[in-house]
Amino acid sequence: MTLSIRSLGLAAILGAAALPAAAQTAWDMPTPYGDTVFHTQNIIQFADDVREATGGELDITVHSAGSLFGHAEIKDAVRRGLAPIGEILLSRLSNENPVFEVDSIPFLADSYADAGALWEASRPAVEELLAEQGLTLLYAVPWPGQSLYLTEEVTDPAALQGVSFRAYNTATEQLATLLGMIPTQVEAGDIPTAFATGRVSAMMTSPSTGVSSQAWDYTSVYVDVQAWLPKNVVFVNTEAFEALTEDQQAAVMEAAAAAEARGWEMSEAETETQIAALTENGMTVTKPSEALSAALAEAGAVMAEEWLGRAGDAGAAILEAYEAD
Ligand code: PCA
């Protein structure tokens, strides 16, 4: 008797387990920046939204801070299907096409309104170039404006001559060179070590990255220029995306649109709070001198012209659409 009840229970459990379960998909998502960075927090929310909207059918695991693939490998990893989805700094692809770099030209779009207009003007071209590689763009979110971190106050731009400068893409390398500095590429996560070991002694980045890398430990002056707002992009391997059900695809697109809107708001809100955090931690927050502003503006103008030369008709079309906005 006992035995038969037990068998019955077992049969019920086995029966339940044998029910056709909804297809479960698990996606690993490599990202370059650390967990405390607002981009990463936004992505974690995106993954939660997707999980909820699909009733747990699509489960995205975020691997932050380059822990699954390094920043330089993420795009190709997703293109080759080694990871179905990922995030990078868009302008890191400038060696493939100058169109990817338009958001890193100093002073071309240095407010959220302008950065939004520039993204609207450049998004179709970016989308198309990624699509050619089997990648589907999901969304883009800008970093707060890029400002100068120095070990001492500089009013005369001549004082920058020979300073070793931390770069994160070719545009920041070019800017450093135009100002007479010596650029070295350093990933965001390696900034503290690069300063501590004397490899670099100046950088231009957002207040967000200044705070996440504790810039007050190795620089003392923040010069608030907010010269450009470079974007991170999130994209998916198109084949992996198309393997999802239609409902799942719609859920991903909806969560992506929400993440884009939320990310732009987070970014803008961070600008002030993270500058305040730099002050609280003892940094001197200053405005650039007239001479320094002029030197930066001149470098920006040189870069804009040089970029247009490289980007040709595609570049001109983006600038035209941007200016028409
Ligand atoms: N932080 C990233 C890119 C731009 C930014 O604000 C970095 O410094 O690497």
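All ligand and atom numbering here is 1-based and tracks the order in the structure.
Remark: Arg123 engages Glu260 in a salt bridge, criterion side-chain N to carboxylate O under 4.0 Å. Between Lys75 and Glu96, at least one side-chain nitrogen of the basic residue sits less than 4.0 Å from a carboxylate oxygen of the acidic one, meeting the salt-bridge criterion.
The shell of residues lying under 4.0 angstrom from ligand 1, judged by heavy atoms, includes Arg166. Using a 4.0 Å cutoff on heavy atoms, Glu187 does not count as a contact of ligand 1.
The main-chain N or O of Phe38 is never found under 3.5 Å from a side-chain atom of Asn42 such that the two would form a donor-acceptor pair. In this structure a side-chain-to-backbone donor-acceptor pair under 3.5 Å is missing from Thr172 to Ala167. No donor-acceptor pair under 3.5 Å is formed between the side chain of Ser267 and the backbone N or O of Gly263.
Looking at atom 5 (C) of ligand 1, its nearest protein heavy atom turns out to be Thr205 OG1, 3.2 Å. What sits closest to atom 4 (C) of ligand 1 on the protein, heavy atoms only, is Gln146 OE1, 3.5 Å. Ranking protein heavy atoms by distance to atom 6 (O) of ligand 1, first place goes to Ser206 OG, 2.6 Å.
Relative ring orientation between Trp264 and Tyr112 is described as perpendicular, the plane-to-plane angle rising above 60° on a 0-90° scale split at 30° and 60°.
Looking at Asn169, Thr209, Leu89, it is Thr209 that brings a heavy atom closest to atom 1 (N) of ligand 1.
Residue contact check: Ala188 has heavy atoms under 4.0 Å from atoms 9 (O) of ligand 1.
Looking at ligand 1, you won't find any N or O of Trp143 less than 3.5 Å from one of its N or O atoms.
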